[in-house]
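Right, one structure below, let's go through it.
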Protein chains: 2
Amino acid sequence: MLNQISPLDTLFQALADPTRRGIVERLAQGPQAVSELGAGLPISLPAVMQHLGVLQAAGLVDSRKTGRVRMVWLNPAALQRLGRWAQAQQAMWETRLDGLGDYLDETDAKD
Amino acid sequence: MLNQISPLDTLFQALADPTRRGIVERLAQGPQAVSELGAGLPISLPAVMQHLGVLQAAGLVDSRKTGRVRMVWLNPAALQRLGRWAQAQQAMWETRLDGLGDYLDETDAKD
DNA sequence: TATTTGGTTAAGCATGCGCTTAAGTATTGC
DNA sequence: GCAATACTTAAGCGCATGCTTAACCAAATA
């Protein structure tokens with residue numbers, strides 16, 4: 001597949017799943033226990049754990065266990081990296097946009 | 001999987017693949033023809049086409065065919081949506097950060 | 001008109017991923 | 001101590017995904 005893993009890679013892959021994105025959105029409201037998190041999802045607890053593992057590997061969440069309860073919370077730094085990447089591509093593109101306008105004017109083939 | 005497809009969903013899924021992210025980064029420099037794009041990648045042309053299909057479905061790229069050459073370019077609006085989402089989660093989290101500090105102080109179990 | 005070039009479609013394969021159930025392991029409460 | 005609670009680990013299953021090769025088609029070139 002050509003899959004050399006980069007930090008950004010695990011990040012995007014983690015957020016590609018809607019369930020995991022839902023967990024992130026949930027955690028954006030504040031820390032939650034694993035079971036608390038699972039109670040809001042239509043999947044088994046082991047599945048929740050697996051998702052949390054992916055999110056943690058991507059640096060998107062952190063957790064700490066106290067007694068028998070594991071608390072999970074968001075790590076905003078990862079989201080920042082994501083935003084920065086998107087913005088960088090956008091910025092790069094904006095500086096080249098002029099050429100495209102010319103190209104579009106010269107042509108009219110649709111597809 | 002719980003996969004109700006949302007616009008954001010196809011977007012993240014498209015960017016989860018490093019080859020596709022590479023294509024996006026390439027296109028951020030300016031429009032390119034399909035074969036031109038493919039020449040820089042260690043995969044077959046059909047594979048490139050498939051990636052472009054995913055990117056287009058996600059709204060990340062647009063293309064137009066002129067003669068027998070298809071030109072492909074970036075659509076920055078999709079990247080903007082991505083950045084906005086990341087920022088929204090971040091912002092939401094920042095407003096709740098205080099609670100976490102308290103929690104961390106009260107505990108010290110590591111894991 | 002014949003050939004090359006640039007792209008497209010189709011089929012099939014191998015791997016990865018998300019999910020499940022079943023079976024643990026620590027804490028906590030009675 | 002015994003049971004309930006809150007995870008955790010392990011194994012396995014089915015579908016999605018990225019890739020390939022083998023045609024095929026249409027535009028440009030000789």
Side-chain angles (χ1 to χ4, degrees), chain A residues 1-5 9-24 27 31-58 60-73 106-111, chain B residues 1-6 9-24 27 31-58 60-73 107-111:
Chain A
M1 204 228 282
L2 173 75
N3 249 334
Q4 37 164 355
I5 24 143
D9 210 58
T10 58
L11 184 55
F12 273 105
Q13 217 150 67
L15 291 170
D17 183 78
T19 301
R20 279 194 295 265
R21 232 165 39 248
I23 291 176
V24 167
L27 290 176
Q32 269 194 293
V34 169
S35 57
E36 210 176 350
L37 216 40
L41 296 169
I43 55 176
S44 68
L45 243 208
V48 174
M49 295 291 299
Q50 284 165 25
H51 283 307
L52 288 176
V54 174
L55 289 171
Q56 184 149 23
L60 275 160
V61 307
D62 256 318
S63 73
R64 183 177 291 191
K65 193 169 186 176
T66 309
R68 62 183 170 182
V69 175
R70 176 177 298 280
M71 218 57 183
V72 188
W73 61 88
E106 286 163 19
T107 60
D108 49 6
K110 286 273 174 178
D111 201 84
Chain B
M1 207 229 284
L2 173 74
N3 249 336
Q4 36 167 353
I5 23 142
S6 82
D9 209 58
T10 57
L11 184 54
F12 273 104
Q13 217 150 68
L15 291 171
D17 183 78
T19 301
R20 280 194 294 266
R21 231 164 42 247
I23 291 177
V24 166
L27 289 176
Q32 268 192 295
V34 169
S35 56
E36 209 175 350
L37 216 41
L41 296 169
I43 56 176
S44 68
L45 243 206
V48 174
M49 295 292 299
Q50 284 165 23
H51 283 306
L52 288 176
V54 174
L55 290 172
Q56 185 149 23
L60 275 161
V61 308
D62 257 319
S63 72
R64 182 178 291 190
K65 193 170 186 174
T66 309
R68 63 183 168 179
V69 174
R70 177 176 297 280
M71 218 54 183
V72 189
W73 61 87
T107 60
D108 51 7
K110 285 274 173 179
D111 202 83

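Residue numbers start from 1 in every chain, and the chains themselves are labelled A, B, ... in the order their sequence lines are given, proteins ahead of strands.
- A pairwise comparison of heavy atoms in A:L27 and A:V72 identifies CD2-O, 3.5 Å as the closest pair.
- Within the structure, every side-chain polar atom (N or O) of A:Q13 is placed at least 4.0 Å from both OP1 and OP2 of C:dG16.
- Nearest approach of B:A16 to A:D9, heavy atoms of both residues: O-OD1, 3.9 Å.
- Across the protein-nucleic acid pair, A:I23 atom CD1 and C:dC19 atom C1' stand 13 Å apart, rounded to whole Å.
- Taking atom CG of A:L52 as the reference point, atom P of C:dG18 lies 13 Å away to the nearest angstrom.
- At whole-Å resolution of the value, CG in A:L55 and P in C:dG18 are 10 Å apart.
- The nucleotide whose nearest atom lies closest to any side-chain atom of A:S35 is, among D:dT8, D:dC7, D:dT20, D:dC7.
- A distance of 8.0 Å separates CD1 of B:I23 from CG of B:D17, quoted to the nearest 0.5 Å.
- Sequence neighbours left out, not one pair with a member in residues 32-43 of chain A passes side-chain hydrogen bond (donor to acceptor under 3.5 Å, both in side chains).
- For B:R20, the side-chain atoms get nearest to D:dG18 when compared with the rest of D:dG18, D:dA6, C:dC19.
- In this structure, the separation between CZ on B:F12 and CD on A:Q13 is 13.0 Å, given to the nearest 0.5 Å.
- Interface remark: the A:Q50 side chain does form a donor-acceptor pair with the C:dT20 base, using a distance-only criterion of under 3.5 Å.
- The shortest distance between side-chain heavy atoms of A:Q56 and A:S63 falls below 4.5 Å.
- Closest approach to the B:D17 side chain among C:dT20, D:dG18, C:dG7 is made by D:dG18 (side chain taken as heavy atoms from C-beta onward).
- B:R64 has its CZ atom 16 Å from the P atom of C:dG7, to the nearest Å.
- Distances from the side chain of A:M49 to the nucleotides D:dG18, D:dT8, C:dC19 place D:dT8 closest.
- Between the CE atom in A:M71 and the CG atom in A:L37 there is a gap of 10.0 Å [rounded to 0.5 Å].
- When distances run from any side-chain atom of B:P46 to the nucleotides C:dG7, C:dA22, D:dT20, the shortest one goes to D:dT20.
- Between the CD atom of B:Q32 and the P atom of C:dG7 there is a distance of 11 Å, given to the nearest Å.
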For residues 43-55 of chain A, tabulate all N or O donor-acceptor pairs below 3.5 Å that involve a side-chain atom, not counting sequence neighbours.
unit_1 : atom_1 : unit_2 : atom_2 : d
A:S44  : OG     : A:A47  : N      : 3.4
A:H51  : ND1    : A:R20  : NH1    : 3.1

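- In this structure, A:R70 places its CZ atom 15 Å from P of D:dA6, rounding to the nearest Å.
- Atom CG in A:D9 sits roughly 15 Å away from atom C1' in D:dT17 (whole-Å rounding).
- The phosphate of D:dT8 (OP1 or OP2) has a side-chain N or O of A:K65 nearer than 4.0 angstrom.
- Among the heavy atoms of the strands lying under 4.0 Å from B:S44 is at least one base atom, whether or not backbone atoms are also near.
- Distance from the side chain of A:H51 is smallest for C:dC19 among the nucleotides D:dG18, C:dC19, C:dG6.
- Here the nucleotide nearest the side chain of B:V34, chosen from C:dG7, D:dT20, C:dC19, is C:dG7.
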With 3.5 Å as the limit, what N/O pairs link the protein to nucleotides 24-30 of chain D?
unit_1 : atom_1 : unit_2 : atom_2 : d
D:dA27 : N3     : B:R68  : NH1    : 3.1

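- Rounded to whole Å, the distance from CD1 on B:I43 to P on D:dT21 is 12 Å.
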